[in-house]
Amino acid sequence: MTLPEKPALEGLEAKWGLRWEEAAVYRFDRAKTRAEIYSIDTPPPTVSGSLHVGHVFSYTHTDLVARFHRMRGQEVFYPMGWDDNGLPTERRVQNYYGVRCDPSLPYDPAFVPPEQQSKPPISVSRPNFIELCARLTAEDEKAFERLWKYLGLSVDWSMTYATIGRRSQQVSQLAFLRLLRRGLAYQVEAPTLWDVDFRTAVAQAELEDRETPGAFHKIAFRVPDGGAARDFGRSSVEIETTRPELIPACVALVAHPDDARYKPLFGRDVETPLFGVRVPVKAHALADPEKGSGIAMICTFGDITDVTWWRELSLPIRAVIQMDGTLRRVSWGSPGWESTDPDRAQRFYDDLARLSAAKARAKIVEQLRASGSLQGDPRPITHVVKFYEKGDRPLEIVSSRQWFIKTMEFRDALIERGRELQWHPAYMRIRYENWVNGLTGDWCISRQRFFGVPFPVWYPIDDLGRIDHARPIPAADDRLPIDPSTEVPPGYRPDQRGVPGGFAGDPDVMDTWATSSLTPQIVCGWPDDVDLFARTFPTDLRPQAHDIIRTWLFTSVLRAHFENGSLPWRNAALSGFILDPDRKKMSKSKGNVITPMALLEEHGSDGVRYWAASGRPGADTAFDTNQMRVGRRLAIKILNASKFALSSSDVKAAITVPVDRAMIRSLAGLVDESTGAFEEYDYTRVLQRTESFFWRFCDDYLELVKGRRYGEQGAQGQGSANAALTAALSVLLRVFAPFLPYVTEEVWSWWQEGSIHRAAWPTATELVRLLEDNSEPTRQLDERAYRWATDVLFEVRKQRSEAKQPLKVPITGVAVTAHDTTLALMPIVEADLRAALRVQKFETAVGDPQAIIVRGYEGASQ
RNA sequence: GGGCGCUUAGCUCAGUUGGUUAGAGCGCGUGCUUCACACGCACGAGGUCGAAGGUUCGAGUCCUUCAGCGCCCACCA
């Protein structure tokens, strides 16, 4: 064995990264049985820029668990995916190349993107657009892979997937068609949450509340002369609204059934201001008498409550907001737009048409004020408005045709699935249940976007040129994946696209979660690789962040429930967020400033992993470079202590010295505790306990055996020390290996064959087996001797420190007064203590209280 | 409004089923070039465990109430 003169961490990432790859240390062997395999449904990070420290944090957690199970002898199925599907990529491609997707264009195989960003944007077909997305994401994916490898993720890099890849598309489309056949996916025209900038539907799970400034406008509706006015006692009723521009879309007013103020109006009509539309006053329990004036305007549609009221009160639709967020043109007096004065309505409305909601609001306020319908000034407020999480303008609700997957009628079954799942930490299950219980509608999975998985269906066009959405033509299962915008349905010719009697492709793509929800099926080989699927599914682990329980976790459970009749995995491990040092969630912009690669280079991958491992499952953790420094120092300490432990270790004998035996038994206890904690996904505890053991091991044990292991007490004592040292080092390195893969591998290579990461996880048995005498009396004696030795060590160090004497001033003697049972331990440890402390001699005397007095310093000046 | 989590030394956090004087690291202070390590070593000073009640022989640990912080969810016109 040759030990390095000056061991260092620098360069270990490059050195071992290469060797691990050459030796295929993390290669998955699919010949193993299901029981021998530990499979992981890896979260595919979004490929739309760069990874940030939060990724490094949570992906390390997964790797810790993967490495533990690998060392326990399981074959770890640990692929890596890239989520390159979806809007973020589209936006990047549009800006990067200066192109725009036009799904109506045919594919141009000769298309080459412009060198310079083109203005105005060039229109390209969907397949061409997707090619550009793929080109751009491929570069990012290479950079991601480099970072993950440098961090030391023990992924099998021959198994990668992309959510826009062929296989992901095939799985998404097939799973969709199978749901369609079973009636679990359906299409309907209905009010849908809509982002006016992206011009796409969005799902409930993608909503975000944002505090937004607005204003209450108090607006009078006329109560027509006659019975209503007489019973109500007034000729107008005031509502308060933040969205006066929706008055033309008003279909009713609503108040609480018990609200005496408005009871006289229930069942009667009032007239909208400006437009003179007669709308009924309805009663509904959702109306809150405390809110505003207690009576609300129902519009189609201002918010989700409007949809509820509209549905439950069977109101008509009078929609004004279009898909681009502007007000549509309306011809007043036509069916559905009846007015008591159509000409007047038209005059007012023509000033609003084609304006955005915000501009129309300003305009209508002028009109209302001029006509006297606005009571007082608008009252500014801050209220919570729903946004698409990636959007910039408040969501609208527009009526459109969308695909849905049924969820509402399966809520009980989904709750039950949640209870079958092992959650780490357990309380995260509650969030899942809250979400499932709070669902208000089925899952809308269609998006009016381009870079996504297309719906594999076409529709017949009748002789009048109308698309028949009721009779979708599904693609054949064995032809998937297909793109209906370029491929032709069975029985049709290409020239029949878009013509009467021909066909039309479904123009939409699936929500990115409609693909991501199938990652367990995608990675495990469903449906073609039956063999792999049987060996890996359901996976053992789904690691993910807790903020996407409602999206990724929930939808994955749903899909597996439908497709496989089971959970997709057995365990879900939820990682927390990274917080700024001031304990706020680290913002994206801030997180991106600190590039992960720079962190890894500065603190070493082991150092950064050490910090990441300090974040317990589910716990939000502060970004703390100090912890990375501590981790780095630990790695350096391991190098140096190992060098010491292994030097001149050729003299070996049985472990017969009490101090050595006590250390070995204590380490056996650590191994048991670590194994149990790791099995419970409590990696943080393992690291903490091991680290704490290790420092005491260095400070006390290594000091105690220093002289003996150099042969000062003969071959027997030296052999015992060496045997204990190498055994302890071997075990400690293996427990540290999941956390600090580089430094442990480096030290392992000094004297062991093969990779530590394929070495067996240590057991208490392998340690205790080394002790020839493990009887109870011996154990007690060993432990007392060890504790006594460390007590003396501590006391002498303390007096030396207080004396502030340089080391060259010798300690001539140490006078020890203690019980005879304690003094009886002295012969066992005295030689070790003399060497460790450089004490010339110990003088003992029986007595009480116990005292340890260092001779040589007692008169020293302070 | 409902739910979950957190609150222990200046900072970041441990404290497993309630059991002797509450722990670690960082930071701080003092001293020491000791033959594995100055990217080091030794020693030290720091806390009435968010508040108030309660259960108990005994509570940081269990119960109740309250406060602050964070997060998730919800139909606030």
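Side chains included, hydrogens not; waters and symmetry mates left out as well; all remaining heavy atoms used. Proteins come first, then strands; the chains are lettered A, B, ... in the order of their sequence lines, and each starts at number 1.
Distance check on atom C1': B:rU56 versus B:rG18 gives 9 Å, rounded to whole Å. If you take atom P in B:rC71 and the same atom in B:rC63, they sit 26 Å apart, rounded to whole Å. Taking the C1' atoms as reference points, B:rU8 lies 4 Å from B:rC49, given to the whole Å. Comparing the C1' positions of B:rG15 and B:rA24 gives a spacing of 10 Å, expressed to the nearest Å. Nucleotides B:rU34 and B:rC41, compared at atom P, are 15 Å apart to the nearest Å.
When rounded to the nearest whole Å, the span between CD of A:E208 and P of B:rC71 equals 12 Å. Spacing between atom CD1 of A:I636 and atom C1' of B:rG40 amounts to 10 Å, rounded to whole angstrom units.
In this entry the base of B:rG46 is syn relative to its sugar, with a glycosidic angle within 90° of 0.
Within 4.0 Å of A:R800, counting heavy atoms only, lies no atom of the nucleic acid at all. Counting any heavy atom pair closer than 4.0 Å across all strands shown, A:K637 reaches a base atom.
Nearer to the 5' terminus of RNA chain B, by closest-nucleotide assignment, is the contact made by A:E10 (compared with the other of A:E10 and A:T241). Taking for each of A:M428 and A:R685 the nucleotide of RNA chain B with the nearest heavy atom, the 5'-most of the two is the partner of A:M428.
In this structure, B:rA77 forms no base pair with any nucleotide, since neither Watson-Crick nor G-U wobble geometry is met with both distances under 3.5 Å. Checking B:rC13 for Watson-Crick or G-U wobble geometry (two distances, each under 3.5 Å) identifies B:rG23 as its partner. Pairing for B:rC43 is with B:rG29, a Watson-Crick or G-U wobble pair whose two hydrogen-bonding atom distances lie under 3.5 Å. Using Watson-Crick or G-U wobble geometry with both donor-acceptor distances under 3.5 Å, B:rC66 finds its partner in B:rG50.
Side chains of A:S236 and A:E238: a donor-acceptor N/O pair is present below 3.5 angstrom, by distance only. Side chains of A:E240 and A:H217: a donor-acceptor N/O pair is absent below 3.5 angstrom, by distance only.
The aromatic ring centroids of A:H61 and A:Y681 lie 6.0 Å or more from each other. Aromatic ring centres of A:F678 and A:F739 lie closer together than 6.0 Å. Ring centroid separation for the pair A:Y388 and A:W194 does not come in under the 6.0 Å cut-off.
For A:Y610 and B:rU12, the shortest distance from a side-chain N or O to OP1 or OP2 is not below 4.0 Å.
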